[in-house]
2 protein chains.
Amino acid sequence: MVTIADVARHAGVAPSTVSYVLTGKRSISPQTRSKVRESIRLLGYHPHAGARALASSRTNVVALVLPLRPGVHLPALMRFVTAAATTARKHEMDVLLMTADEGAQGLRRVAGSAQVDGFLMMDVELDDDRVPLLRQLPQPSVLIGRPAAVAGLTCVDLDFEAAGGRCVDHLADLGHRYIGFLGAPSVVYQRNTGSAQRAMAGFGAAAMRRGIASTALPADDDYESVLHSVRALLRAQPAMTALVVHNEAALGWVAGSLRVLGRRVPEDMAVVGICPDDLAEQLQLTSVQLPAEELGHQAVELLVARLNGQPVPPLTLLAPKLIGRASTAPRPRG
Amino acid sequence: MVTIADVARHAGVAPSTVSYVLTGKRSISPQTRSKVRESIRLLGYHPHAGARALASSRTNVVALVLPLRPGVHLPALMRFVTAAATTARKHEMDVLLMTADEGAQGLRRVAGSAQVDGFLMMDVELDDDRVPLLRQLPQPSVLIGRPAAVAGLTCVDLDFEAAGGRCVDHLADLGHRYIGFLGAPSVVYQRNTGSAQRAMAGFGAAAMRRGIASTALPADDDYESVLHSVRALLRAQPAMTALVVHNEAALGWVAGSLRVLGRRVPEDMAVVGICPDDLAEQLQLTSVQLPAEELGHQAVELLVARLNGQPVPPLTLLAPKLIGRASTAPRPRG
DNA sequence: CTCCGGCGTTGAAGCGATTCGACGACATTA
DNA sequence: TAATGTCGTCGAATCGCTTCAACGCCGGAG
């Protein structure tokens, strides 16, 4: 293995000088600098990560804590992961993968052994036992999602409230006056990370603002339940011409249910989803996308900013983006 | 930060003793051992990863190199990743994520800076420029997939040949005598990682063995092409009653094409896929699964074995597993 | 009784970087 | 001219751990 001493000898300088060339923490004359750079290139020198971490107490690695529970949309998760990894590399950092099943114990281990400079954590629950721990850790962390108390943390999330509103605006602009909302399973509205509630709140508020009649119902993720909820919505509001769906698992059954109930999409019923893009693409569904890449990117940027001592807002909300597809089409006002 | 010296002082022993308790590389008396363990627990001591790596030239981290190119099935990839991470943890190891876009350069960097003990690399191409590099690296590596020359490497893969055969056997057992094979796009058979060829070879050989008439055609991943290929297959062999599909992207169009051509599934035409399990589940397709979890698990086990100096076979093939679903049903022999 | 070998433990020497204080050389200012 | 500062470089201490040679102790063999 080639060490900094080898490089120093080869370049005819002191090891510390090589270090300063590498880190740029002191001014070095252009001649010396290029001489050292050349030696580094020639010898194929790479600083030993462990030694560097030991001496500088900086690892240039961030931990990424992934959820493992069933129900998370894997393609979106994967996109998030690669975006985070790619962005991290832009900052000369690497990513250490952790799975949620290690729990708080795992965080303590990784933090305690100084394996990483910071944490990226997805899918935090409202009463997550890891959150108070993260607060105490010497390493900063960024949460993806939005736990109850945001104070003292750094969080990134899609602005679900705006997303709900965006759906209404789109439909209202198309002339719809009676809109339904098909939500997540009711249990999710009882204890949950909050995105479900916020999307619905945004939906309701926007409907009020635009003077539109709205009705909402939860749905489980089986065909029976979806059909039942859709039928109930139609019964509650027979004039309904549009549906907003915030329930990935139910999406597949929506079109079928509507067909059974004699409604064609989009002629008789426009449908907008709040879901990952590839799902919407596959179903040809107008949707507000779940910006996995953007979330991953932002999360890393925020963490890096904190590592550099820059102040960052406790909560960053990404603006929703609506993509029009075949499931909504312009309709004459009336 | 709590160091090994703190623990040693607290337990009234030498730092080296604490180290030996931790690593188990020398015999320690039960009394001393439990005394040290207690101090470790009390002080919440975690060995500093960097220091440990520096002194022992072992990081307890493996690199996982992910493909990024479009077309890889993300859910399967994600499953692989989590399986690898979980298995690694069983061996007290962590996983460092790398994306393929860093290329050979990235491998050199990570290997050179001694960040990891070994590499796990997915989706290797036949003439991959990273493979010769991996051979030279001081760290061992395990490839997922099967490049041209396996000598001197360690590879894990699904036994695609057996998989092709397994499909035939299943169908033959159900009484089918004329079977078609819908393959990957033809370009894939020209330059490719080889799994496509092997699956087809296995299919052909099994058909011969069972005295079954077989016909094969490639298909691109658009509706037109799939319909065209299916029609061609039926024209070539009108008595065909079963179809084996080895083309994830085409799978979605197969049922539709058959319907257009007046064939119901499974009554008129049985269909078996070689594809990730969730895709098959979604389409209610009898399939040979792509065992993502098992691959991830095996890959890590092999790497760990190599790190421990144990000999491992250059090529490990996983036996295919066929799951029966609605797209094949028993049919009377005839 | 002495010698030897094994066991349990220790002290100290690295591992390969960073970083801080110090030190010439040279330019600037009084 | 002497005092002061700046710039570029160096030497040495330090980070926290592993590991090796060495050593005292004890029991069993000679």
Side-chain angles (χ1 to χ4, degrees), chain A residues 1-37 39-40 43-61 92 109-117 138 307, chain B residues 1-37 39-40 43-61 92 109-117 138 307:
Chain A
M1 184 185 190
V2 31
T3 75
I4 201 174
D6 299 328
V7 176
R9 207 172 309 125
H10 186 273
V13 299
S16 48
T17 303
V18 177
S19 177
Y20 288 125
V21 167
L22 246 22
T23 63
K25 294 193 179 175
R26 281 203 186 171
S27 54
I28 297 287
S29 74
Q31 303 90 296
T32 310
R33 196 181 323 160
S34 62
K35 208 170 43 180
V36 169
R37 289 245 172 82
S39 298
I40 289 178
L43 301 182
Y45 168 69
H46 291 273
H48 187 288
R52 183 170 257 195
L54 182 55
S56 68
S57 32
R58 265 279 221 159
T59 63
N60 287 327
V61 176
E92 309 265 79
R109 175 180 65 83
V110 171
S113 62
Q115 276 197 94
V116 302
D117 293 336
L307 288 173
Chain B
M1 185 186 189
V2 183
T3 75
I4 201 173
D6 299 328
V7 175
R9 209 172 307 125
H10 185 272
V13 299
S16 47
T17 303
V18 176
S19 178
Y20 287 125
V21 168
L22 247 22
T23 62
K25 295 193 178 175
R26 284 214 183 163
S27 53
I28 296 286
S29 74
Q31 303 91 299
T32 310
R33 197 182 320 158
S34 62
K35 207 169 46 182
V36 169
R37 288 244 173 83
S39 298
I40 290 178
L43 302 182
Y45 168 68
H46 290 272
H48 188 289
R52 183 170 258 195
L54 181 55
S56 69
S57 31
R58 266 279 222 159
T59 62
N60 288 327
V61 176
E92 310 265 77
R109 176 180 66 83
V110 171
S113 62
Q115 276 198 96
V116 302
D117 294 335
L307 288 173

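Sequence lines set the chain letters: A, B, ... in the order given, protein chains first and strands last, and positions in each chain run from 1.
- With rounding to whole Å, A:Tyr20 atom OH is found 7 Å from C:dT18 atom C1'.
- Atom-to-atom, NE2 of A:His48 to P of D:dG16 comes out at 17 Å; the value is rounded to the nearest Å.
- Both B:Ala51 and B:Ser29 sit near DNA chain C, but only B:Ser29 has its closest nucleotide nearer the 5' end.
- A straight line from CD1 of A:Ile28 to C1' of D:dT6 spans 14 Å, rounded to a whole angstrom.
- Note on B:Lys25: a side-chain N or O is less than 4.0 Å away from OP1 or OP2 of D:dT19.
- Distance from the side chain of B:Ser56 is smallest to D:dT18 among D:dT18, C:dA17, D:dC10.
- OP1 and OP2 of D:dG16 both lie 4.0 Å or more from every side-chain N or O belonging to B:Arg52.
- For D:dG8, the OP1/OP2 oxygens have a side-chain nitrogen or oxygen of A:Ser27 closer than 4.0 Å.
- Formation of a donor-acceptor pair under 3.5 Å by the A:Thr17 side chain with backbone atoms of A:Val13 is not found in this model.
- The side chain of B:Ser19 lies closest to D:dT18, out of D:dT18, D:dG11, C:dT18.
- For the side-chain contact (heavy atoms from CB on, under 4.5 Å) with A:Pro15, the qualifying choice from A:Ile4, A:Asp6, A:Val7, A:Thr3 is A:Ile4, the only one to do so.
- When the C1' atom of D:dG16 is taken as reference, atom CD1 of B:Ile40 falls 14 Å away, rounded to whole Å.
- If you check C:dT9, D:dG16, D:dT19 against the side chain of B:Ser16, the one that comes closest is D:dT19.
- Nearer to the 5' terminus of DNA chain C, by closest-nucleotide assignment, is the contact made by B:Arg26 (compared with the other of A:Thr23 and B:Arg26).
- Remark: the B:His10 side chain and the B:Ser39 side chain contain an N/O donor-acceptor pair separated by less than 3.5 Å.
- Distances from the side chain of B:Ala55 to the nucleotides C:dT19, C:dA17, D:dT18 place D:dT18 closest.
- Taking side-chain N and O atoms only, B:Tyr45 has a distance below 4.0 Å to OP1 or OP2 of D:dC17.
- What separates NZ of A:Lys35 from P of D:dG8 is a distance of 14 Å, to the nearest Å.
- Between the CG atom of B:Leu43 and the C1' atom of D:dG16 there is a distance of 15 Å, rounded to whole Å.
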